Protein chains: 2
Amino acid sequence: MTSHLPRPADFAPPPDAAVRAHWHEADRAARRERLASLRRRLTSAGLDAYLGVRPEHMRYLTGFALAAGEEKVAGHSGQFLVGLEEVIVLADSRYQIQARREASEARIEPVGYDLPARWPALLASLGARRVAVEAGFISQAAWQRLAAAAPAVELVPVEGWVEESRARKEPAEIERIRAACAVVDRALASLLPEIRPGVTERELALRLEWLIRTGGAEALAFDVACLAGPEAALPHGSPGERPIRSGEVLLFDVGAQVDGYRSDMTRTLFVGEPRARDLALYELVSRAQAAAFRALELSLEPGGARPDGRTTDAVARAVIEAAGHGEHFGHGTGHGIGLATHELPSLSRTAPTTPLPSPTVFSLEPGVYLEGETGVRIEDLVLYDRDGRRVERLTRFPREVLVVGG
Amino acid sequence: MTSHLPRPADFAPPPDAAVRAHWHEADRAARRERLASLRRRLTSAGLDAYLGVRPEHMRYLTGFALAAGEEKVAGHSGQFLVGLEEVIVLADSRYQIQARREASEARIEPVGYDLPARWPALLASLGARRVAVEAGFISQAAWQRLAAAAPAVELVPVEGWVEESRARKEPAEIERIRAACAVVDRALASLLPEIRPGVTERELALRLEWLIRTGGAEALAFDVACLAGPEAALPHGSPGERPIRSGEVLLFDVGAQVDGYRSDMTRTLFVGEPRARDLALYELVSRAQAAAFRALELSLEPGGARPDGRTTDAVARAVIEAAGHGEHFGHGTGHGIGLATHELPSLSRTAPTTPLPSPTVFSLEPGVYLEGETGVRIEDLVLYDRDGRRVERLTRFPREVLVVGG
């Protein structure tokens with residue numbers, strides 16, 4: 001049990017302007033290879049254009065970045081076409097200025113809600129006849145309307161093409177995920193002295209959000225989860241007006257976004273004197289996470305097999321199952337992270353058995369949930385870099401038992 | 001020009017627990033009629049089930065509410081099936097407890113990512129053979145997988161069914177939009193004394209968000225826009241690290257969420273001595289908005305024609321076009337609002353010419369944007385209730401010229 005609480009100064013400071021300028025330049029340079037990679041895939045599939053509708057892909061391939069949720073009111077703005085020679089970004093009057101600023105290498109076309117009307121001319125301008133379409137993200141209705149607007153053009157459903165590229169992280173992408181982890185590490189360390197019985201989950205969640213968003217992040221990666229006592233048994237619960245009480249666990253699941261890239265961390269703290277039941281669960285979950293991490297390390301030793309998402313999940317799960325809590329660990333062990341909070345690779349019972357990409361970043365987050373009683377989850381982001389022969393926790397906040405508000 | 005700035009106490013206080021309990025009960029009662037209405041539509045189309053995938057519909061029809069953005073990581077959790085007798089809500093282990101709590105009248109099925117595998121059995125349990133599917137929201141890939149999983153079941157694309165119901169607002173829905181407006185009115189009034197040259201857009205946006213989220217709202221409706229000077233020309237811009245300066249306009253576009261329901265307001269303030277150019281634009285935009293509002297009022301007088309979204313837009317647009325700024329008003333005049341920030345009805349050049357629903361709530365938000373120079377938008381939410389013979393601004397924050405930070 002730790003008596004020394006971590007302090008903000010234990011963690012890296014937020015990125016300065018020079019670092020951000022470097023990321024900006026790295027992205028601009030990387031987009032050429034990202035697009036070249038997509039075009040090679042198009043060509044080898046006999047296709048001549050790619051219609052992208054997923055906001056993260058737009059940012060990755062064009063530089064144009066909508067704010068979170070903005071795609072719901074943007075119509076087709078922000079969607080894009082990659083031809084073999086040219087990139088087109090769609091942007092209606094609301095987004096024209098921003099698109100020209102951020103997607104400076106693309107042709108900006110003033111399309112808002114009328115894509116079907118413009119579709120034949122846009123394809124003709126690219127000389128495209130067989131178009132890959134992000135079938136997992138375009139709606140069935142939009143697909144039908146595009147098909148009807150240009151019957152001579154073949155729409156070919158593709159899934160996961162850009163996701164596969166995104167799963168392999170460039171150095172400047174890893175730097176940003178690392179920075180997003182450090183913002184959260186510092187913010188949670190700043191919050192610790194403010195945790196006292198009587199304060200509500202919602203107050204702590206708001207305060208932590210404030211510390212993150214004034215501490216180097218442009219946004220949260222997702223709403224802060226702050227769940228006390230029995231509420232910690234809801235793996236995706238929301239903070240409520242419940243005052244926290246001594247003797248309860250206090251679970252934070254929290255992520256930041258730094259220059260588009262996300263972090264994701266869960267810590268389960270103890271408010272006042274821990275209960276033996278909760279300590280035992282904590283020790284179990286911690287062992288499960290350490291086992292998965294160790295298996296990744298061992299895979300880098302001479303003769304180590306390339307790990308996959310299913311076997312890595314199984315390593316953590318086996319620890320929890322052996323303690324009789326298998327049924328209380330309903331979710332997967334981890335997920336990739338980057339421009340989206342959840343992306344490839346997946347680490348779960350149903351994950352593919354193909355080797356993990358490399359270098360890549362994913363969470364390791366086993367948990368045990370006893371409905372109506374308590375819950376424990378411990379989540380770190382991990383860099384897995386096979387060629388670089390390293391497995392590294394990007395989350396630096398301590399994993400030891402921490403007692404707060406005593 | 002106003003010298004009296006509005007104060008927080010000018011506006012309604014946030015809802016108390018009794019009001020919230022009333023809303024909860026009203027929803028529970030209303031869901032029966034909402035479902036009955038959907039089932040009548042199913043029956044008259046010869047269909048026997050409805051697959052819903054849009055989070056707002058899930059909340060409206062079942063009571064189960066995902067947090068904003070949660071649907072991106074929830075898989076099929078939160079999607080639902082309305083049969084002629086029964087409602088099924090899909091929820092994997094992460095959401096089981098919450099779903100049972102919130103959608104207490106539904107059957108909860110533990111489906112996370114494997115809907116195609118469970119699809120035939122789920123339909124059989126409802127006795128369904130012809131299923132309406134939300135084609136505007138389900139992905140093309142998901143549609144194809146469901147079609148392949150149960151080839152004997154007919155999938156029928158439908159769009160706008162639930163949206164049409166949602167456009168007509170129940171009394172308890174209007175109360176919540178009104179409450180969400182008041183939270184923002186109060187918060188912006190609280191912020192006014194803190195606006196000074198030198199403070200950044202981002203600082204003001206964060207502070208305003210804090211006031212909203214500690215002032216009765218559970219969330220923002222969307223990220224706060226706070227745009228100074230030339231940045232106000234970006235209708236969907238994001239606040240930056242730019243210090244605001246005397247002599248510039250300062251545009252806030254901001255909305256709150258209260259018990260799921262949204263508000264949306266834009267105010268363009270003047271920092272220090274207004275420039276004549278900006279005052280003239282303000283007066284123009286204000287006249288355009290007033291003209292649309294007056295046209296709605298006139299439609300309620302004896303013999304008044306039922307207004308539609310296209311003609312209401314045209315009334316505001318004509319004022320701006322007559323001043324030679326038509327090309328600087330690129331977006332529509334307004335949009336419906338409720339569980340989503342943008343919903344039916346639409347008020348724009350391409351809006352349908354069918355009569356506006358009633359009672360309904362929408363924004364009136366004309367704007368003029370001079371790229372690189374300045375921008376002005378004024379946005380209020382308006383209740384249009386034809387049978388109740390009233391057109392009422394739910395936004396109460398003053399629309400007069402307000403000078404701050406002087």
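What's counted below: heavy atoms across the whole structure, side chains too, no hydrogens, waters or symmetry copies. So that the names make sense, note that chain A is the first sequence line, chain B the second, and so on, each numbered from 1. Quick caveat, the model's predicted, so the values are computed rather than measured.
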Which bit of [X] comes within less than 4.5 Å of chain B, counting heavy atoms only: side chain, backbone, both or neither?
X        : answer
A:Glu71  : side chain
A:Glu231 : side chain
A:Glu70  : side chain

If the threshold is 4.0 Å, N to carboxylate O, is there a salt bridge linking A:Arg145 and A:Asp114?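 A:Asp114 and A:Arg145: not salt-bridged.
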Looking at B:Arg377 and B:Asp253, is any side-chain nitrogen of the basic one under 4.0 Å from a carboxylate oxygen of the acidic one?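 Here B:Asp253 pairs with B:Arg377 in a salt bridge, since their nearest N and O are under 4.0 Å apart.
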Using the test side-chain contact (heavy atoms from CB on, under 4.5 Å), find all partners of A:Pro230 that sit at least two apart in sequence or belong to another chain. A:Glu248
List the residues meeting side-chain contact (heavy atoms from CB on, under 4.5 Å) with A:Pro157, not counting sequence neighbours, and say none if there are none.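 Listed in chain order: A:Ala135, A:Trp143, B:Gln140.
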Could you check which of [options] has the highest count of heavy-atom pairs closer than 4.5 Å to chain A?
options                                : value
B:His335, B:Glu209, B:Gln96            : B:Glu209
B:Phe137, B:Tyr113, B:Trp210           : B:Trp210
B:Gln98, B:His331, B:Arg101            : B:Arg101
B:Arg202, B:Glu218, B:Glu203, B:Gln144 : B:Arg202
B:Gly330, B:Pro110, B:Ser238           : B:Gly330

Is the distance from the ring center of A:Tyr95 to that of A:His76 below 6.0 Å?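 Between A:Tyr95 and A:His76, the centre distance exceeds or equals 6.0 Å.
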Nearest-0.5 Å distance, CG of residue A:Leu234 to CD of residue A:Glu371: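 One finds 8.0 Å between CG of A:Leu234 and CD of A:Glu371.
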Examine whether an atom of B:Arg54 lies under 4.5 Å from a heavy atom of chain A, and if so say whether it belongs to the side chain, the backbone or both; otherwise answer neither. neither
Between B:Tyr369 and B:His325, does the side-chain hydrogen bond (donor to acceptor under 3.5 Å, both in side chains) criterion hold? Intermediate values first, please. CA-CA 9 Å; B:Tyr369 312 95; B:His325 282 300; over 6 Å; no
